[in-house]
Chemist: 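One structure follows; several queries about it will come next.
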Amino acid sequence: MKLNELLGTEFPFIQGGMANIATGAFAAAVSNAGALGLIGGGGMDAETLRMHIRQCRALTDKPFGVNIMLMNPAAPEMAKVVAEEGVKVVTTGAGLPTAYLPLWKEAGITVFPVVAASLVAKRLARSGIDGVIAEGCESGGHVGEMTTMALVPQVADAVALPVVAAGGIADGRQLTAAFALGACGVQLGTCLLTSLECPIHDNYKQALLKAKDSDTMVTGRTTGAPVRVLKNKMAREYVRMEKRDVPLMELEKLTLGSLRRAVLDGDVDTGSLMAGQVAGMLHEIRPLRAIFEDLWAGYQSCVKGLTER
């Protein structure tokens with residue numbers, strides 16, 4: 001079964017839960033364009049999340065969901081909000097959602113945790129989740145160590161659940177590969193940042209359009225919180241400080257508010273321009289619908305080409 005059949009969407013695509021970017025309005029735009037829009041709870045409190053859920057519902061009659069970063073201190077309250085508001089799909093990251101599953105399952109919520117290792121997927125599969133999102137380290141934002149190419153088939157072999165591939169997917173060839181690896185659909189993040197509807201600052205979008213394949217780097221490896229971003233003044237300084245074993249508090253001072261500076265202010269020097277390695281494949285600002293249609297047409301063309309060889 002393809003992901004779109006499971007979720008009731010046109011395309012088998014989920015939008016990533018991008019903190020400070022994935023607003024209710026953006027999630028609604030994604031859903032209206034044919035994928036599953038997600039409201040990114042990272043950086044929100046519970047009542048702000050409730051407001052965005054209601055905003056999203058007012059803007060679309062299509063399925064949508066919420067992403068909850070479980071390291072957020074407000075996660076327990078957010079878990080209750082999604083149940084109270086009748087959200088149908090929840091994805092989670094930065095922790096295990098086990099404690100919230102009884103509440104969510106009673107509310108009829110479909111739960112897809114993001115995992116970076118097959119061992120975690122196996123553990124969660126026993127707790128009553130509905131599927132997993134296997135995210136490789138090519139992705140933007142918080143990353144694990146395994147690549148999508150290596151991770152997805154091992155997760156697919158480890159669990160008898162729907163598997164969604166994430167990380168390094170921006171065109172039909174990569175979508176074809178995801179299906180071949182055992183995924184039923186994909187989660188998209190970086191390639192949506194340059195959509196017409198995405199609310200990030202234009203400076204951020206232009207930085208993505210200028211990026212080449214080698215223009216991302218991972219900060220925070222030494223702190224246990226690796227994050228993939230576009231290379232800029234802040235990211236390079238962070239890595240230099242890591243190499244000098246600068247105390248964690250000093251590193252946190254450098255990044256405090258950096259994502260908001262990038263998203264809202266367009267600060268491309270000291271902002272955290274989270275982006276995956278597919279940034280080098282982004283060449284124009286397009287409507288979400290055009291991105292989704294090109295992905296699907298590219299997949300169909302790729303499959304046809306493979307069968308004719």
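Since this is a predicted model, take the numbers as computed values, not measurements.
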Chemist: Could you tell me which non-hydrogen atom of D269 sits nearest to which non-hydrogen atom of D267, and how far apart they are?
Modeler: N-OD1, 3.0 Å
Chemist: Is the closest basic N to carboxylate O distance between R221 and E242 below 4.0 Å?
Modeler: no
Chemist: Inspect the surroundings of NZ in K80 and state if more than 12 heavy atoms from other residues, nucleotides or ligands are less than 6.0 Å away.
Modeler: no
Chemist: Count the heavy atoms of every other residue, nucleotide or ligand shown that sit under 6.0 Å from CE of M217, and state whether that count exceeds 12.
Modeler: yes
Chemist: With a 4.5 Å heavy-atom cut-off, do T270 and R261 have their side chains touching?
Modeler: yes
Chemist: Restricting to non-hydrogen atoms, name the atom on L230 and the atom on A279 that form the minimum distance, rounded to 0.1 Å.
Modeler: CD2-CB, 4.2 Å
Chemist: Does any non-hydrogen side-chain atom of L70 lie less than 4.5 Å from one of P97?
Modeler: yes
Chemist: Please say whether the positively charged group of K2, taken as NZ for Lys or CZ for Arg, lies over the ring of F11, i.e. under 6.0 angstrom from the six-membered ring centre and within 45 degrees of the axis.
Modeler: no
Chemist: Under 4.0 Å between a side-chain nitrogen and a carboxylate oxygen: does that hold for K212 and D215?
Modeler: yes
Chemist: So S272 and M234, do their side chains get closer than 4.5 Å, heavy atoms only?
Modeler: yes
Chemist: Does the side chain of D130 pick up a donor-acceptor pair with the side chain of T110 at under 3.5 Å?
Modeler: no
Chemist: Is the shortest side-chain heavy-atom distance between L288 and L196 below 4.5 Å?
Modeler: no
Chemist: With heavy-atom distances below 4.5 Å as the criterion, would you say the side chains of C302 and R173 are in contact?
Modeler: yes
Chemist: With a 4.5 Å heavy-atom cut-off, do I39 and C56 have their side chains touching?
Modeler: yes
Chemist: Can you tell me if R228 and S139 form a side-chain donor-acceptor pair at under 3.5 Å?
Modeler: no
Chemist: Are there more than 12 heavy atoms of other residues, nucleotides or ligands under 6.0 Å from atom CZ of R286?
Modeler: yes
Chemist: Thinking salt bridges, do R289 and E197 make one under a 4.0 Å N-O criterion?
Modeler: no
Chemist: Would one find more than 12 heavy atoms of other residues, nucleotides or ligands at under 6.0 Å from atom CD of E106?
Modeler: no
Chemist: Decide yes or no on side-chain hydrogen bond (donor to acceptor under 3.5 Å, both in side chains) for N4 and T9, but give the supporting numbers first.
Modeler: CA-CA 5 Å; N4 51 307; T9 57; 5.7 Å; no
Chemist: Flag the pair L188 / Q15 as yes when at least one side-chain heavy-atom distance between them is below 4.5 Å, and no otherwise.
Modeler: no
Chemist: Quick check: are there more than 12 heavy atoms from other residues, nucleotides or ligands sitting under 6.0 Å from CZ of R57?
Modeler: yes
